[in-house]
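Notes follow once the structure below has been shown.
The analysis underlying the following values was restricted to heavy atoms, covering all of them including side chains, and did not include hydrogens, waters or symmetry mates. We name chains A, B, ... by the order of the sequence lines, and we start the count at 1 in each one.
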Number of protein chains: 2
Amino acid sequence: MFKTAKFSRISENIVQQIRQAILKGELRPGDRLPSEKNLAENFGVSKASLREAFRALEALGLLEVRQGVSGGAFIQKVNLETTRDSITNYIFFQNPSIREFTELRSIFEPRIAEMAARRITDEDMIELEANLAQTKKELDAGRFSYELDISFHGKIASVARNSLICLIVDSMQNALVNIKQLIEPDLNFSKQVYLAHKRVFNSLRKRDPEKAAAEMLKHVQDVEKGLVKFCDVESHHLFGTPKELENSDP
Amino acid sequence: MFKTAKFSRISENIVQQIRQAILKGELRPGDRLPSEKNLAENFGVSKASLREAFRALEALGLLEVRQGVSGGAFIQKVNLETTRDSITNYIFFQNPSIREFTELRSIFEPRIAEMAARRITDEDMIELEANLAQTKKELDAGRFSYELDISFHGKIASVARNSLICLIVDSMQNALVNIKQLIEPDLNFSKQVYLAHKRVFNSLRKRDPEKAAAEMLKHVQDVEKGLVKFCDVESHHLFGTPKELENSDP
DNA sequence: AATATTAAAACATCTGATGTTTTAATATTT
DNA sequence: AAATATTAAAACATCAGATGTTTTAATATT
């Protein structure tokens with residue numbers, strides 16, 4: 001099934017062969033690879049090298065290795081979390097300004113809200129309402145839940161019925177959490193977010209695309225203002241000033 | 001510097017410790033970790049386990065390991081390619097419909113063109129012009145270059161001066177290539193793309209945001225029509241029908 | 001000063017032994 | 001017969017140590 005490993009690093013060669021087999025459709029989610037011992041023999045490499053390849057494939061989200069008698073290496077569908085984490089890593093080093101961030105969100109969040117207003121079902125509304133109720137509860141207890149914030153935007157994205165959009169929204173939201181968690185949660189800010197979410201929801205309930213888009217745009221822009229206020233006002237960057245991230249030799 | 005490794009899989013534990021150290025700013029791009037031997041001793045693990053962790057970190061784009069006397073494990077900035085490949089993997093399994101794809105591109109490509117029209121410099125124009133000239137040359141030779149297509153959209157995204165937008169455009173464009181390469185390049189389609197790019201460029205040159213947005217929207221929608229025509233019209237999915245991707249037991 | 005040689009640092013790979021997890025199969029009990 | 005407990009084997013996890021390869025800084029030579 002596989003060619004003998006050659007070229008530079010063996011594990012990398014194996015990773016590429018398996019990734020290609022997946023992209024070509026020869027290996028599919030759920031498929032189990034032969035046992036370490038057998039596969040190492042097939043590839044003509046040692047167990048150690050094969051295991052290094054497995055760790056890389058796991059990091060990419062393409063493989064899951066389980067112990068036990070019915071265990072082994074199973075091909076996996078790459079999931080949202082893996083992809084989002086990769087994007088978060090990238091954004092961390094890119095260290096975009098809050099302006100860049102808001103610019104992007106201003107582009108797609110209103111459009112998503114618009115789409116959601118057209119496509120929302122009664123079940124979706126129930127879920128969003130539950131989210132708002134929970135958020136209110138947290139707020140009354142003096143807390144702000146990042147999970148609920150992510151989940152609100154994520155739910156709207158999912159109502160738009162577009163998996164690509166879901167990925168982007170989730171990733172951006174996730175990156176935002178990384179900054180928000182560094183800030184002491186300001187209760188007034190939290191309340192503003194809650195009220196904005198509520199206004200968006202009301203527009204969705206009325207199935208009013210234009211209003212939904214307008215409310216969402218305002219929300220995104222208000223969040224930016226909040227972020228700029230809390231963050232290092234000099235830098236306006238999410239993960240510290242660019243200078244701090246420059247390379248240093250001790 | 002590092003705690004002794006505990007919990008489930010040792011390599012995963014090490015990956016998390018190093019990733020956290022990076023996100024906390026304790027490790028920065030260019031930093032060199034101690035040698036395999038020393039670091040394994042520090043962590044209290046075997047060389048094999050440490051190497052597995054290294055392979056995972058390399059897959060995530062966070063580390064580069066080099067051989068030789070001045071070699072070692074160096075922390076890296078996660079680059080665009082790594083992130084884009086991760087997104088491509090996700091999109092492969094998600095297998096979005098061409099409609100979803102176009103829907104997303106319709107949202108941001110026009111806005112990007114609009115931004116580019118406001119921010120474009122003379123140097124940018126020269127680069128775009130060179131891209132068009134090359135595309136024309138290829139076209140006259142009866143060829144169509146995916147690289148040039150990617151590069152055109154990528155360049156406009158870069159003119160918008162927003163790294164997040166660059167990532168998204170590049171990723172989507174990259175995923176599109178995966179499908180386009182499966183299709184025999186239709187010369188008429190190629191020519192349409194070229195002419196559309198030219199119209200977008202002309203709007204940018206005139207620094208006319210509205211026109212640029214309108215031309216770009218039309219281009220994206222025309223590309224969809226082309227894709228739908230070439231692809232399996234039944235499925236309208238980029239990577240084969242969803243049925244084909246279902247799990248199978250041989 | 002330029003070039004060739006060399007030696008050492010650091011990773012790359014392999015082998016084989018031992019330990020741990022998981023579960024299917026079996027045995028036992030109720 | 002059904003529920004429960006036991007067991008054994010499959011498969012991965014980890015380790016230790018030997019050997020090989022790459023790369024380059026240091027040295028020697030021209």
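- A search for ring-ring contact (aromatic ring centres under 6.0 Å, His included) contacts involving A/Phe152 returns A/His197, not counting sequence neighbours.
- In this structure, CG of A/Leu63 is placed 14 Å from C1' of D/dA11, rounded to the nearest angstrom.
- Between A/Arg32 atom CZ and D/dA10 atom C1' the separation is 9 Å, expressed in whole Å.
- Atom CG in B/Asn38 sits roughly 12 Å away from atom P in C/dA9 (whole-Å rounding).
- For B/Ala48, the side-chain atoms get nearest to D/dC15 when compared with the rest of D/dC15, C/dA12, D/dA11.
- At C/dA24, one or more side-chain N or O atoms of A/Ser70 fall inside 4.0 Å of OP1 or OP2 (strictly under the cut-off).
- B/Glu64 CD: more than 12 foreign heavy atoms inside a 6.0 Å radius.
- Not counting sequence neighbours, the partners of A/Arg55 by the salt bridge (charged side-chain N to carboxylate O under 4.0 Å, His left out) test are A/Glu58, B/Glu52.
- In this structure, the CZ atom of A/Arg66 is 11 Å from the C1' atom of C/dT22, given to the nearest Å.
- For an aromatic pair to be called close, the ring centres must be under 6.0 Å apart, and B/Phe92 with B/Tyr90 fails this.
- With C/dT23, C/dA12, C/dA10 as the candidates, the nucleotide lying closest to the side chain of A/Val69 is C/dT23.
- If you find the closest nucleotide of DNA chain D to A/Lys47 and to B/Gly71, the one lying nearer the 5' end belongs to A/Lys47.
- Nucleic acid contact class of A/Arg51 (heavy atoms, under 4.0 Å, all strands): base.
- For the pair A/Ile165/A/Phe108, no side-chain contact is recorded, criterion being any heavy-atom separation below 4.5 Å from C-beta on.
- Between the P atom of D/dA16 and the CZ atom of B/Phe43 lies a distance of 16 Å, rounded to the nearest Å.
- Atom CD in B/Glu52 sits roughly 14 Å away from atom C1' in C/dA12 (whole-Å rounding).
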- Task: Verify side chain to side chain donor-acceptor pair (under 3.5 Å) between A/Ser171 and A/Asn174, making sure each step is shown before the conclusion.
- Result: CA-CA 5 Å; A/Ser171 300; A/Asn174 189 256; over 6 Å; no
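- Taking atom CZ on B/Phe74 and atom C1' on C/dA9, their separation rounds to 12 Å, with Å as the unit.
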- Message: Give the dot-bracket line for DNA chain D from 5' end to 3' end: parentheses for intra-strand Watson-Crick or G-U pairs under 3.5 Å, square brackets for crossings, | for inter-strand pairing, dots for unpaired.
- Response: ||||||||||||||||||||||||||||||
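- The shortest distance between the side-chain N/O atoms of A/Ser49 and the OP1/OP2 oxygens of C/dC14 is below 4.0 Å.
- Checked by distance alone, A/Gln67 brings a side-chain donor or acceptor within 3.5 Å of a matching partner on the base of C/dT20.
- D/dC15 atom P lies 13 Å from atom CG of B/Leu39, rounded to whole Å.
- When side chains are defined from C-beta on, B/Leu148 counts as touching B/Glu138, because their heavy atoms get closer than 4.5 Å.
- The side chain of A/Arg55 places an N or O atom within less than 4.0 Å of a non-bridging phosphate oxygen (OP1 or OP2) of D/dA13.
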